[in-house]
Enquirer: 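Please find one structure pasted underneath; my questions will follow.
What you see is a predicted model; the values in this text were computed from it and never measured.
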Amino acid sequence: HPFTCRVSDVDVTKRTASAHWLELTEDDIVIFPGRQHYLEGTFDPSSVPMYGTSLGFSDIAMKHLTSVLRFSLTGEGQHIKYIRISSRCGSPLSGTFRMGTDINGCFDGSITPYGTASLPSSVILDCGGTVQLGPDPAYFYAAIPHGAYPEGFCAQVISDDGNSMNLYFM
């Protein structure tokens, strides 16, 4: 069968997830993973870092540092090995970021690429060949650093048989 897919239902949204510890290399540095694992109907919870703020020790507010890119594909029986997602404007989607702070020194949710993350980077959504495309949409979720992506995204879809297709969407 030829490798054909279509993109539909593209949506960048914030979703809730169970809390996971940030991988901090310094007090204000967070690393967004370059590889995420496909999970049916949701995102890889280890790819959605959160931060907590508190002016005391009794009330801690947990917040996400990511948005979730949701899209669907249909096809003709292909098994998806992985999907490489990149920002069309070159904004990094993985790597090291510095977290901003407010006047009280608490993290404020802003993030800025830091070091090698200032270079274009992508996220690989590892499907492991377990997702088979058909006439009904298969939904994919990838966590990306929250921010503006005015030129949209490119997704390179790779099937188990080595065929590929590039998709562009806003």
Side-chain angles (χ1 to χ4, degrees), residues 7-73 80 82-128 131 137-156 167-170:
V7 171
S8 62
D9 301 324
V10 176
D11 185 20
V12 177
T13 61
K14 288 197 174 193
R15 301 206 20 173
T16 59
S18 57
H20 290 272
W21 295 104
L22 292 173
E23 181 181 344
L24 294 174
T25 56
E26 297 176 26
D27 288 341
D28 60 350
I29 299 294
V30 61
I31 298 172
F32 289 85
R35 181 172 296 275
Q36 300 176 22
H37 300 281
Y38 170 83
L39 294 174
E40 186 175 353
T42 191
F43 49 82
D44 180 348
S46 66
S47 66
V48 186
M50 299 179 78
Y51 70 99
T53 62
S54 176
L55 293 177
F57 290 103
S58 60
D59 296 319
I60 298 175
M62 297 298 295
K63 299 180 181 177
H64 290 281
L65 291 170
T66 58
S67 293
V68 173
L69 180 64
R70 175 185 179 253
F71 59 97
S72 67
L73 301 174
I80 303 302
Y82 68 87
I83 302 172
R84 180 185 310 272
I85 302 166
S86 304
S87 163
R88 292 184 69 191
C89 63
S91 296
L93 300 182
S94 62
T96 307
F97 288 74
R98 183 174 296 279
M99 297 172 54
T101 57
D102 64 17
I103 194 167
N104 297 311
C106 294
F107 295 133
D108 64 8
S110 63
I111 53 175
T112 331
Y114 178 74
T116 57
S118 61
L119 303 172
S121 59
S122 59
V123 167
I124 292 177
L125 185 57
D126 187 350
C127 301
V131 181
Y139 290 92
F140 299 86
Y141 301 85
I144 58 173
H146 67 73
Y149 301 95
E151 296 178 29
F153 302 91
C154 172
Q156 181 185 29
L167 308 168
Y168 302 93
F169 48 92
M170 296 298 285

Enquirer: Any side-chain to backbone donor/acceptor pair from Ser121 onto Ser94? Under 3.5 Å, distance only.
Expert: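 The answer is yes, because a donor-acceptor pair under 3.5 Å joins these two groups.
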Enquirer: Can you name the closest pair of heavy atoms from Leu93 and Ser87 and give their distance?
Expert: CD1-N, 3.7 Å
Enquirer: Can you confirm whether Ile83 sits close enough to Leu73 that some side-chain heavy atom of one is under 4.5 Å from a side-chain heavy atom of the other?
Expert: yes
Enquirer: Mind checking what makes side-chain hydrogen bond (donor to acceptor under 3.5 Å, both in side chains) contact with Ser110, not counting sequence neighbours?
Expert: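 Per chain and number, Ser110 pairs via side-chain hydrogen bond (donor to acceptor under 3.5 Å, both in side chains) with Asp108.
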Enquirer: Side chains of Leu69 and Val123: closer than 4.5 Å at any heavy-atom pair?
Expert: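 No, every pair of side-chain atoms sits at 4.5 Å or beyond.
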Enquirer: Just how far is it from atom OG of Ser91 to atom CZ of Phe153, taken to the nearest 0.5 Å?
Expert: 8.5 Å
Enquirer: Please report the closest heavy-atom contact between Thr66 and Ser47, naming both atoms and the distance.
Expert: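 Closest approach of Thr66 to Ser47: CG2-O, 4.0 Å.
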Enquirer: Would you please name every residue forming a side chain to side chain contact (heavy atoms under 4.5 Å, CB included) with Ala142, sequence neighbours left out?
Expert: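 With sequence neighbours excluded, Ala142 shows a side chain to side chain contact (heavy atoms under 4.5 Å, CB included) to Gln36, Ile85, given in chain and number order.
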Enquirer: Check His64 against His146 and note the closest heavy-atom contact, atom names and distance.
Expert: O-CD2, 4.1 Å
Enquirer: Say you draw a straight line from CD1 of Ile80 to CG of Asp126; how long is it, rounded to the nearest 0.5 Å?
Expert: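 Answer rounded to 0.5 Å: 12.0 Å.
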Enquirer: Could you list the residues that satisfy side chain to side chain contact (heavy atoms under 4.5 Å, CB included) with Gln156, not counting sequence neighbours?
Expert: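 Expected list: Arg84, Ile158, Ser164, Asn166.
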Enquirer: Identify the heavy atoms of Ala155 and Phe169 that sit nearest to each other, and give their distance.
Expert: CB-CE2, 3.8 Å
Enquirer: Return the set of residues passing salt bridge (Lys or Arg N to Asp or Glu O under 4.0 Å) with Arg88 (not counting sequence neighbours), or none when no residue passes.
Expert: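 If we apply the salt bridge (Lys or Arg N to Asp or Glu O under 4.0 Å) test to Arg88, skipping adjacent residues, there are no hits.
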Enquirer: Going by heavy atoms in the side chains, are Phe97 and Leu65 under 4.5 Å from each other?
Expert: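 Side-chain contact under 4.5 Å: no.
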Enquirer: Can you tell me how far the OH atom of Tyr114 sits from the OG1 atom of Thr96, to the nearest 0.5 Å?
Expert: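 These two atoms lie 8.5 Å from each other.
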Enquirer: Tell me every residue that passes ring-ring contact (aromatic ring centres under 6.0 Å, His included) with Phe140, counting only those two or more places apart in sequence or in another chain.
Expert: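 If we apply the ring-ring contact (aromatic ring centres under 6.0 Å, His included) test to Phe140, skipping adjacent residues, the hits are Tyr38, Phe71.
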Enquirer: Just jot down the ring-ring contact (aromatic ring centres under 6.0 Å, His included) partners of Tyr82, sequence neighbours excluded, or say none.
Expert: none
Enquirer: If you look at every heavy atom in Leu39 and Asp44, which pair is closest and at what distance?
Expert: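 Scanning both residues, the minimum pair turns out to be CD1-CA, 3.8 Å.
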Enquirer: For residues Val68 and Phe43, report the shortest heavy-atom separation together with the two atoms involved.
Expert: CG2-CD2, 3.7 Å
